[in-house]
Amino acid sequence: MKSSAKNVKLASVDDLFSTDESRADEGREKVMELPLSELHPFKNHPFKVKDDEAMMDTAESIRQYGVLVPAIARPDPNGGYELISGHRRHHASEIAGKETMPVIIRELDDDAATIIMVDSNLQREELLPSERAFAYKMKLEAMKHQGARADLTCAQLGHKSDGRKSRDILAEQVGQSKNQIQRFIRLTELIPPLLDLVDEKRMAFNPAYEVSFLKPEEQEWLLETIDSEQATPSLSQAQRMKKFSQNGKLTEDVMLAIMSEEKKSDLDKVTFSSDTLRKYFPRSYTPKKMEETIIKLLEQWQRKRQQQHDR
C-alpha cells in the first residue's frame, strides 16, 4: 500500500498556538486610522461635496471631537484606498486640519461597492436632482449586474430579489414609484449646463425631463436660446420642442420661435417694481408687510363693491 504521508498538511506554528478567539478576531473588520492622502474618491461619485454652511459645521465638529463615524473604503489596486462612504467627512477633516481619519476597510467588488456608496448617501435629507438621477442610475445598473451573477446576489447585501426586477426592488427601497425613478434617470441625458439649471431650480423638473429627449446638439441650441431669451422652457414649450425633434423638424429658428412665445403664466401675472410700491408705503415697511397691506386694501375694496352691488 502506498503511503499517504504526502497528502498530510501540517499546521503552522502560529496555527498551533493561536486560540479560536484570536482566529475569529482576525476575520473581523477593524477600524484603522488612515492618512487622508491615501483615500481617493469613488469613481464617478455622483454626490457633490460643497463648502457650504453644513460642511463648515461638520469641519468644526471634527476639529473638536474628531470623526465619530468611520468611513468605509476598499483597497485601490493603484495604491491607497478608494472611499465608498465618507467623502464629506474626508473633506471636512481636511478643512479641520486633520491628517488622518478612521476607516473600515472592506474587500468589495464594483457592484457591491456602488450599492453601499449610493445607499449611504441617499439617506441625506436634501439631494440635488442630478445627485438623485445618477445615484439611481448607478445603483440600478449594479443591481442588474448582481442579478445576472451566480456568485453575488442581492441577498448577500440584504436585498431580497424574490424573482422581482431590479427596478421594482429599487422603487421599494427608496420610496419612489418605478416611473419616477426612470424619470430621474432620464435627467442624466441632459448636457451638464442644462442639468445645472435643474439643480439651481431655474428649470423645473417636468420640462427638464422632456428636454432630455432632445439630441445633444439641440440641447446646445436650447442653452444658447435660454441665455438670449433669459427664460427657461415651460412644460408645453418643452413638449413641443421634443415633438419637433422626434419628427426631425427641430431647427434653431423653430426653437427660438417657441421660446419667444409669452408663457400663459406671464400673461396672467401682474408685477410691480419695488420702487413703484415704495412711493405709497413708509420706508420701514418690509416687502412682506407691503404685500399684506395690499391684500387687505384689495379685500376692503372688493367688499365695498359687493355692498354697492347689493343695494
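Side chains included, hydrogens not; waters and symmetry mates left out as well; all remaining heavy atoms used.
Put simply, CD on Gln176 and CZ on Arg132 are 6.0 Å apart, with the number rounded to the nearest 0.5 Å. For the atom pair Ser85 OG and Ile116 CD1, the distance stands at 8.0 Å (nearest 0.5 Å). Here Ser120 contributes atom OG and Ile84 contributes atom CD1; the two are 9.0 Å apart, rounded to the nearest 0.5 Å. Leu235 contributes atom CG, which lies 11.5 Å from atom CZ of Phe205 (distance to the nearest 0.5 angstrom). Once rounded to the nearest 0.5 Å, the distance linking CG of Asn206 with OG of Ser234 reads 11.0 Å. Separating the CE atom in Met203 from the CG atom in Leu187 is a distance of 8.5 Å, to the nearest 0.5 Å.
One N or O on the side chain of Glu82 and one on the backbone of Lys43 form a donor-acceptor pair closer than 3.5 Å. Asp111 places no side-chain N or O within 3.5 Å of a backbone atom of Met143 that could act as its donor or acceptor partner. Checking side-chain atoms of His87 against main-chain N and O of His45 turns up no donor-acceptor pair under 3.5 Å. With hydrogens and angles ignored, the 3.5 Å screen pairs no side-chain donor or acceptor of Asp227 with any backbone N or O of Leu223. A distance-only check finds a donor-acceptor pair linking the side chain of Arg89 to the backbone of Val69 [under 3.5 Å]. Remark: the backbone N or O of Ala133 is not paired with any side-chain donor or acceptor of Thr188 at under 3.5 angstrom. One N or O on the side chain of Gln237 and one on the backbone of Ile258 form a donor-acceptor pair closer than 3.5 Å.
Considering all non-hydrogen atoms of both residues, Met138 and Asn44 come closest at SD-O, 3.5 Å. Residues Leu190 and Ala208 come closest through the heavy atom pair CD2-O, 3.8 Å. Residue Asp109 comes nearest to Ala112 through the heavy atom pair OD1-N, 2.8 Å, listed as atom of the first residue, atom of the second, then distance. Between Glu210 and Ala238, the shortest heavy-atom distance links the atoms CB-CB, 3.8 Å. What you find for Ala92 and Ala59 is that their closest heavy atoms are O-CB, 3.6 Å. Nearest heavy atoms, Gly86 versus Ala71: CA-CB, 4.0 Å.
Connectivity analysis of hydrophobic side chains (ILVMFWY, heavy atoms under 4.5 Å, direct or indirect) links Ile105 to Met32, Leu34, Leu36, Leu39, Ile62, Val67, Tyr81, Leu83, Met101, Val103.
Within the 4.5 Å cutoff, the side chain of Arg202 has no heavy atoms near those of the Asp196 side chain. In this structure the side chain of Arg167 never reaches within 4.5 angstrom of the side chain of Lys144, judged on heavy atoms. The closest side-chain heavy-atom distance from Pro46 to Lys137 is not below 4.5 Å. In this structure, the side chains of Gln239 and Pro233 stay at 4.5 Å or more apart for every pair of heavy atoms. In this structure, Lys30 and Ile104 have side chains that are not in contact, with every pair of non-hydrogen atoms separated by 4.5 Å or more. Counting heavy atoms from C-beta on, the side chains of Leu140 and Gln182 come closer than 4.5 Å. Side chains of Lys50 and Leu128 form a contact here, defined as non-hydrogen atoms less than 4.5 Å apart. A heavy-atom distance below 4.5 Å is not found between the side chains of Met255 and Phe244.
Salt-bridge check for Lys139 with Asp119: passed, with a basic side-chain N closer than 4.0 Å to an acidic carboxylate O. Salt-bridge check for Asp110 with Arg74: passed, with a basic side-chain N closer than 4.0 Å to an acidic carboxylate O. Electrostatic pairing of Glu60 and Arg63 counts as a salt bridge here, judged by a charged N lying under 4.0 Å from a carboxylate O.
Under the 4.5 Å side-chain heavy-atom criterion for ILVMFWY residues, a single connected hydrophobic cluster contains both Ile115 and Leu122. Under the 4.5 Å side-chain heavy-atom criterion for ILVMFWY residues, a single connected hydrophobic cluster contains both Leu127 and Phe134. Tracing side-chain contacts under 4.5 Å through hydrophobic residues (I, L, V, M, F, W, Y), one never reaches Met55 starting from Phe47; they form parts of separate clusters.
Heavy-atom neighbours of Glu53 CD from other residues, nucleotides or ligands within 6.0 Å: at or below the threshold of 12.
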* Test Lys242 against Gln246 for side-chain contact (heavy atoms from CB on, under 4.5 Å), laying out the working first. => CA-CA 6 Å; Lys242 172 185 172 182; Gln246 291 175 333; 3.4 Å; yes
* To do: Decide yes or no on side-chain contact (heavy atoms from CB on, under 4.5 Å) for Thr100 and Glu38, but give the supporting numbers first.
  => CA-CA 9 Å; Thr100 64; Glu38 291 188 14; over 6 Å; no
* **Criterion side-chain contact (heavy atoms from CB on, under 4.5 Å) on Leu197 and Glu200, from CA distance to verdict** => CA-CA 5 Å; Leu197 293 181; Glu200 295 163 7; 4.1 Å; yes
* Run the numbers on Thr293 and Lys296 for side-chain contact (heavy atoms from CB on, under 4.5 Å), then give the verdict. => CA-CA 5 Å; Thr293 303; Lys296 287 180 181 178; 5.7 Å; no
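Of the N and O atoms on the side chains of Ser212 and Arg186, at least one donor lies less than 3.5 Å from an acceptor on the other residue. Side-chain polar atoms of His40 and Asn78 form no donor-acceptor pair below 3.5 angstrom.
A cation-pi contact links Arg183 to Tyr209, judged by a cut-off of 6.0 Å to the six-membered ring centre and 45° from its axis.
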Under 3.5 Å donor-acceptor pairs involving side-chain atoms of residues 213-222, not counting sequence neighbours:
from, atom 1, to, atom 2, distance (Å)
Glu218, OE1, Lys215, N, 2.9
Glu218, OE1, Ser245, OG, 2.6
Glu218, OE2, Ser245, OG, 3.3
Gln219, OE1, Ile191, N, 2.8
Gln219, NE2, Glu189, O, 3.3
Gln219, NE2, Leu214, O, 3.0

